[in-house]
Structure formats: C-alpha cells, structure tokens
There are 2 protein chains.
Amino acid sequence: MRIMEQEKQKTTDGGNVEGVDQTEVACESCKLFGFLRFFEGIGVESSPQFLSRQRVVAKGERLFVSDQPFHGIYAVKEGSFKSHLNVDQQGEQIYGFYIPGELLGLDAIRVGVYGYQATALENSRVCLLPFEQLDALGPNLASFQEQVIRILVDQLRHDQRQTLLVGRKSAEERLGAFLLNLAERYARHGFGGDGFRLPMLQNDIANYLGLSMETVSRTLRAFREQELVNIQGRRVRLLNPTCLRSITQYCADAQPGG
Amino acid sequence: MRIMEQEKQKTTDGGNVEGVDQTEVACESCKLFGFLRFFEGIGVESSPQFLSRQRVVAKGERLFVSDQPFHGIYAVKEGSFKSHLNVDQQGEQIYGFYIPGELLGLDAIRVGVYGYQATALENSRVCLLPFEQLDALGPNLASFQEQVIRILVDQLRHDQRQTLLVGRKSAEERLGAFLLNLAERYARHGFGGDGFRLPMLQNDIANYLGLSMETVSRTLRAFREQELVNIQGRRVRLLNPTCLRSITQYCADAQPGG
DNA sequence: ATCAAATTTTGACAATTGTCAATTTTGGCG
DNA sequence: CGCCAAAATTGACAATTGTCAAAATTTGAT
C-alpha cells in the first residue's frame, strides 16, 4: 500500500504536498542558492526558472539509491530525508538527516555514483540542480569546485565529530547533542520559532546514534522528567538549552549536507 | 626531556632517522606522486627536486597544530603519524593514523587552517608539497581540485564507515577491522611482507576505536588465543585473515588521507 | 647491562546499554 | 468515530564494556 501511495504522489508533480506541517524553506535560506551564480548563462538559470525543476517525493520513496549514476545536487525544499545504506543484509545504517535548505548527494559529484540512498521521511519536495558535464561551467569550474571542496571539508569535520559522539559518549550526551544540532539547523534555515517537529522515527534516531530504540525512549523520558525538553508526539521544544548544552558538552557544528 | 629529544632531531634535517624499523616508501607508491604532474613547470618540481623538500619529525613532535595556517600537503615518507584533537580539556580524540605513502592535511586546503593536529608516533620523515596560492596552478587548477575532491569523498566514505564501526560494532569487530585495514594499507604501499609493525600505542588504538585500553588488550589476547593473529611486542602477523574477516564482516575500505 | 618510566596485562567489580516480551499510545483510514 | 497497524513505552534481565587497582612486562636512557 505504500507503493500505491507513492504512485499517487508521483503524478502530482509540482503541486502542493499534503501532510507536511513544515513550511517550505525560502530560496534565500537554501544552501543551493549560493551555487546558482556559477550556472548563470549556461542553461541552468537563476532562481525563478530553477524553481521549476522540482520533484515531489512521497513519504518512503527513495530520491536516489546507492550506485545510481550521479545526476545532480538535490536541495530539500520541503519535508525531510534520511541518507542510509543497507550493509550486508544486517540492517541499515543511517548516515544523516536532511531538512529544508540542506543539500543531498554532493559527495557523488566526482565519483559519479551516489554512495548511499536517500529516502523521504515524509511527503517532501526537492529542487534539483542537474548537470551532466561540469565542464560546461567553463571558467566558473574552478570556483565552483572550490565551493564543493569547502562543503566536503565541512562535512568531513561533521563526520569526525559524529564518530567521536557515537564512539565515546553516553546515550544522554548523544541524544542531547542530536537535539541541539537539529534545533540549530532549523533555526539556521528560518524555522526559528519555538520548537520544531521531529521528522524521523525514534527508531531512526537510535540507528543514527548507535543506540537501541529503547534507550532513546528512556533517555528522552529522562530529559522530560528533568524538564529539559518538552516532547509531545513529534513536536519538540527545548526548555533549557543551556543546561542541555552543558550536559552534552555540545558545541556548534556543521550540518550534514553543507 | 621530550623537548630536548625533539631539538636534537630537528637539527639533523635530511639525515637518516634512527629507530625507524619501517623502510621508507618508494616515491612511486606514494599518494603524493599523483599530484606532482599538476605542479610541473611552476616552481614545485617533479620527484628528484621534490624529494629535497623533506622534513624530519621526531617522535612526539607535532607536524602541525589545529588552527595553524595551511601551508601544504604532507606525505609520510617514513615513520607514522596520528591526527587528533584535544576537545574541551577532556582528553584527546584520535581521528586517524598515517603510514608511509599516505597524505596528511589535505582537508585544510580550502579552509586555510588545519582542523586538527598531527603528531609523529615515531621518528619520521615527511615530504611537503608546499603551496600558498593555488592560483599559480593556472589551467591545471580545475583538474587538481578534481583530484582533491575525489580524495575528500573517499575520506568521507571512510569516516562514515568508521562511524558505523565505532557506533554499532563490538570490540572484537572494531579491532578486527582495524587490523585488517592496517594490513591492507601496508600492503598497498609496498610493505607486503609477512606482518607489520604497529606504530601506535594500544592506548591510541583504544582511543581511536572508542574503547578502553583494557578492552583492547583483552580482545587482542582473545585473538591470540584463537590463533587469529600473532602479536609479539609491536610486531603483528595476521594468521587467519579469512576468519578475521568473517568475524569482523570487514570489507575493503579507503584509507584515511586518501 | 641496568634501572626507571612507560606501557601492557590481569582481576574484580560496577555501570551502561542491549535484548526480549508485553503493553500502551499514536496515527492513518474507512 | 472507531479500528487497525505502526510506533513508542515499560519492565526484567543479560551481556558487554568501563573503571579502578595492582602486577608484570617492555622500552629507552645512562
């Protein structure tokens, strides 16, 4: 039945997505925006035309799969995604979550294939910056690549922190850092209000953080009992970020996807 | 006293390093070799002259430190290094180990500063590919950056595997994967003989893998008792890589540093 | 060769987290 | 509005790993 749901959604290309309570990100707050200048005048145009290259992805549908040929950089416009890989039939490993304004697939740019798959966590919309031949960028290529390198390095540093987090920190610290990071990323893209919506299952959070689902549930309860956070269903509000920060020893961090 | 040792070594620049039982890597087996073509004819020359740009680094001495301005890519010629960062006065986190033929510092290339520090694990020698302005590369810049992107992406995938390893695997699996990875890297750079020398302390291995020193010691003993490996002091030989691989579910992996 | 310091090994025990199973809650759909 | 499936919660227990302390071994310097 999930398949049918997908088919239904696929045909409504360009329309509004049902069931997404998150507002879409403004183009100016999107990481993709900074890339557009490289493409001006060579076929991939600036924002108005660019916006028409959107794609609707239904909850559970995959945006791309591992080893699929690279066909461009995706930016999440609305909704959210997880990147993950199914390793030797022992279950999946989730590498990251992507919220509106963040980029997906950039690290396939020179290898030519995606190294993992991306699945929509809810009904979502993405913008695609398509390019088959980077050479079309001409004199812009070097500065474009420079930008790519910068983002990859950011990602690298994020991954190193993640390794530290997942390898050496307690469940409390991991979950605290996770919540703070997410809050910061939402704020960065213009969803600065009070609290945010968790788009992923606790199961996914557990997988991402290297914990069991039960530990995630129990740790969140502990946070609730200490009045550090307010969690009702999918809605989260950080009641005492300062305290959470000190428990977690969290310091600001690059977001995955640049 | 460590300081004095360093000073002594610093003055013997270019000479042979004492106490290194590892042979130096041949230039043709070094990751840096592939970069040289980009620099031909613009001041940084091909291998013979390039080799004169070497630096001796004594055991315990730092090759560079965090936030220091980027001044080039290092390749390990002889000896070994660890990359690490001291996070909020709670001890260091080791991000990687580097053996002859591998590169250090590449990810500082566009940010402009190193994001961690690198310390010699033994008396070592490095080659420096120095460059202040990439622009001097002229028309070669784009293809040089392409190479850099490829290496960064490899590194990214390695880091993702590392996160998986450290976050979700048992001590046995982590240590098995560590040994297999190291053996493979030594083989790749021409040290294919029987076994290799562990250049780092068990303490460092523990730190890198997110384990305690004691667990590393005990797990190695278990491997020894199962006759999977032969460990005498620093010398390691894998007696049954096949079995180790199946215990570990290890599959080949990019090396850190490209 | 010898000695001191650093590293590794070992044991006992505690703490954190995972596993399994059952129950409750939530969310989507008719 | 209520039903059903998915998700989350809870409890009991087990297993892995960490911590602390002491002993043994290795390493490096004299």
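Here the structure is a predicted model, which is why all the values come from computation and not from measurement. Here is how names work: the chains are called A, B, and so on, in the same order as the sequence lines, proteins then strands, and each is numbered from 1.
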**OP:** Quick one: label R174(A) by what it contacts on the DNA or RNA (base, sugar-phosphate, nothing), any heavy atom closer than 4.0 Å.
**Re:** nothing
**OP:** Identify, between R221(B) and G233(A), the residue whose nearest nucleotide on DNA chain C lies closer to the 5' end.
**Re:** R221(B)
Check side chain to side chain contact (heavy atoms under 4.5 Å, CB included) between [X] and all other residues, then give those that pass, not counting sequence neighbours.
X: E214(B); value: S212(B), R218(B)
X: S246(B); value: none
X: S29(A); value: V25(A), A26(A)
X: E172(A); value: S170(A), T219(A), F223(A), Q226(A), I247(A)

Subject >> Partner residues of R234(B) under the salt bridge (Lys or Arg N to Asp or Glu O under 4.0 Å) criterion, sequence neighbours left out >> reply: none
Subject >> R237(A): salt bridge (Lys or Arg N to Asp or Glu O under 4.0 Å) partners, not counting sequence neighbours >> reply: D194(A)
Original post:
Ion pair present between E102(A) and K77(A), side-chain N to carboxylate O less than 4.0 angstrom?
Top reply: no
Mind calculating the distance between [atom1] ([X]) and [atom2] ([N]) to the nearest angstrom?
X: E173(A); N: dT17(C); atom1: CD; atom2: C1'; value: 14 Å
X: Q232(A); N: dT26(C); atom1: CD; atom2: P; value: 10 Å
X: Q202(A); N: dG27(C); atom1: CD; atom2: P; value: 12 Å
X: M213(B); N: dT17(D); atom1: CE; atom2: P; value: 16 Å
X: N203(A); N: dG18(C); atom1: CG; atom2: P; value: 12 Å
X: I205(B); N: dT17(D); atom1: CD1; atom2: P; value: 16 Å
X: R168(B); N: dT16(C); atom1: CZ; atom2: C1'; value: 16 Å
X: E225(A); N: dT9(D); atom1: CD; atom2: C1'; value: 12 Å

Original post:
Just wondering, do V216(A) and M213(A) contact through their side chains at under 4.5 Å, heavy atoms?
Top reply: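 Counting from C-beta outward, M213(A) and V216(A) never come under 4.5 Å.
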At under 4.0 Å, does any side-chain N or O of [X] touch on OP1 or OP2 of [N]?
X: S212(B); N: dT19(D); value: no
X: K59(A); N: dG28(C); value: no
X: R224(B); N: dT9(C); value: yes

Subject >> Pair F81(A) and F97(A), ring centroids less than 6.0 Å apart >> reply: no
Subject >> Helix axis bend for the helix from dA1(C)-dT30(D) to dG30(C)-dC1(D) - C1'-based end axes, five pairs, 10° rounding >> reply: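 Both end axes considered, the difference amounts to 50°.
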Subject >> Given dG28(D), dT10(D), dT8(C), the nucleotide with the shortest approach to the side chain of S217(B) >> reply: dT8(C)
**OP:** Side chain of R234(B) only, please: which of dG18(D), dT9(C), dT27(D) is the nearest?
**Re:**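 Of all the options, the side chain of R234(B) is nearest to dT27(D).
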Subject >> side-chain hydrogen bond (donor to acceptor under 3.5 Å, both in side chains) involving Y116(A) - partner list, sequence neighbours excluded >> reply: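 Testing Y116(A) for side-chain hydrogen bond (donor to acceptor under 3.5 Å, both in side chains), a comparison that skips the adjacent residues, returns D107(A).
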Anything under 3.5 Å between a protein N or O and an N or O of nucleotides 20-23 of chain C, put it in a table, one pair a line.
from: dC20(C); atom 1: N4; to: E214(A); atom 2: OE2; distance (Å): 3.0

